[in-house]
Amino acid sequence: MPELPEVETIARGVDQRLRGDRIVGAWFSSYPQPFKTPRARQAKGLAGRIILSVHRTGKHIVCELGSVAPANASAAIRPDSQWIVHLGMTGRLLVTTPGEPVAAHTHARLSLLTGRELRFVDARRFGRLEFRDLVRTRAFDAPGAEPLSIGPGEFAALFRGRKLAIKAALLNQSLLAGVGNIYADESLFHAGIRPRRAAGRLTRAELERLRQALRKVLQQAIRLGGSSVSDYVDANGARGFFQLEHCVYLRTGEPCRRCATPIRRILLAGRGTHFCPRCQH
DNA sequence: CATTTCACCTGGTGGC
DNA sequence: TGCCACCAGGTGAAAT
């Protein structure tokens, strides 16, 4: 479900509410798919650790965790491990009270010292949970560039010489991290570029329009708390509002907001792709 | 190596 | 009401 704006919204919400809290125990469901780190190792690693901060990188939520060293408890606590959450298509990360009924498809429950719980719910089980011990492993880093901070030159270089469709390139996480189907379609609309255009054939001016459209769309979506198309909610269970601003995504046959031409839907890279045949060239 | 296709899952919706 | 086809925010392995 979640792309950069949704993941950013959730990470901010969890950070705001859980920073400084301590994980006292962790429970995991018996389904194997969501656990990149084996359940037992994950539970053991999480228990007793303090949530120092939570942030987003690409479509991943990274919780920086620490332990209090008994010798110098007054010193600033450094992260010694990370809990990394990828939400897949339907994943949710929710801060709840312990009494809250447990939703179907709940795959992880972290109980916290303040009595609250952090729950991971994921119907389709495309999400992934990973625990990293930073003494043994490097810190997590998304492979692709951040679309909110990349500059014009670096952005253009990503697509140079590539024959695949620009939409497929936008979805490639090792090029740009965080762009998914909604924001690929929306940013191509605002840049006036057809999704099937070969990435390497776009002019410098088009690429710059695309970079700015992408940044604008992502920033506005973050301001509106993301897009709630079917079931996305933030860490507090609240829906986002950016779906009301969509110009093409899931608007097949509806009039273009700019020129009233019906929005067309095609299949590209296996994904439903929406564009205005008149505004996009 | 670059690119495309498909499998992995469950649930909602709309047609008949 | 039931059944079925199709669609859905993602990714990584296998095939080309």
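Letters go in sequence order (proteins before strands), and every chain restarts at 1.
If you measure from atom CZ of A:R160 to atom P of B:dA2, you get 15 Å, rounded to the nearest angstrom.
At least one side-chain heavy atom of A:R196 sits under 4.5 Å from a side-chain heavy atom of A:L268.
Dashed line: the shortest gap from a side-chain N or O of A:Q173 to OP1 or OP2 of C:dG10 is not under 4.0 Å. OP1 and OP2 of B:dG11 both lie 4.0 Å or more from every side-chain N or O belonging to A:R124. Distances shown here put every side-chain N or O of A:R271 at or beyond 4.0 Å from the OP1 or OP2 atom of B:dT5. Between A:K59 and C:dT11 there is a side-chain polar atom (N or O) within less than 4.0 angstrom of OP1 or OP2. Taking side-chain N and O atoms only, A:H105 has no distance below 4.0 Å to OP1 or OP2 of B:dC9.
Residue A:F126 and nucleotide C:dT11 are not classified as a stacked aromatic pair, given the requirement of ring centres less than 5.5 Å apart at an interplanar angle below 30°.
Taking the P atoms as reference points, C:dC3 lies 24 Å from B:dC9, given to the whole Å.
Note on A:R128: nothing from the nucleic acid sits closer than 4.0 angstrom, heavy atoms only. Residue contacts for A:G270: at a heavy-atom cut-off of 4.0 Å it reaches no nucleic acid atom on any strand shown. Within the nucleic acid shown, A:Y183 has no heavy atom closer than 4.0 Å to any nucleic acid atom.
Checking A:Y183 against A:E6 by side-chain atom types alone, a donor-acceptor pair falls below 3.5 Å. Using modelled atom types, one finds a donor on one side chain and an acceptor on the other under 3.5 Å when comparing A:T114 with A:D21.
For A:Q33, the listed nucleotide lying nearest its side chain is B:dC8; candidates were B:dC8, C:dA8, C:dG10. Comparing atom distances between the A:K163 side chain and each of B:dC9, B:dT3, C:dG10 picks out B:dT3 as nearest. The nucleotide whose nearest atom lies closest to any side-chain atom of A:H86 is, among C:dC7, C:dG10, B:dT4, C:dG10. Relative to the side chain of A:R162, the nucleotides B:dA2, C:dG10, B:dG11 differ in distance, and B:dA2 lies closest.
A ring-centre distance under 6.0 Å is not found for A:H107 and A:F28.
Ion pairing between A:R12 and A:E8 holds under the 4.0 Å rule for side-chain N and carboxylate O.
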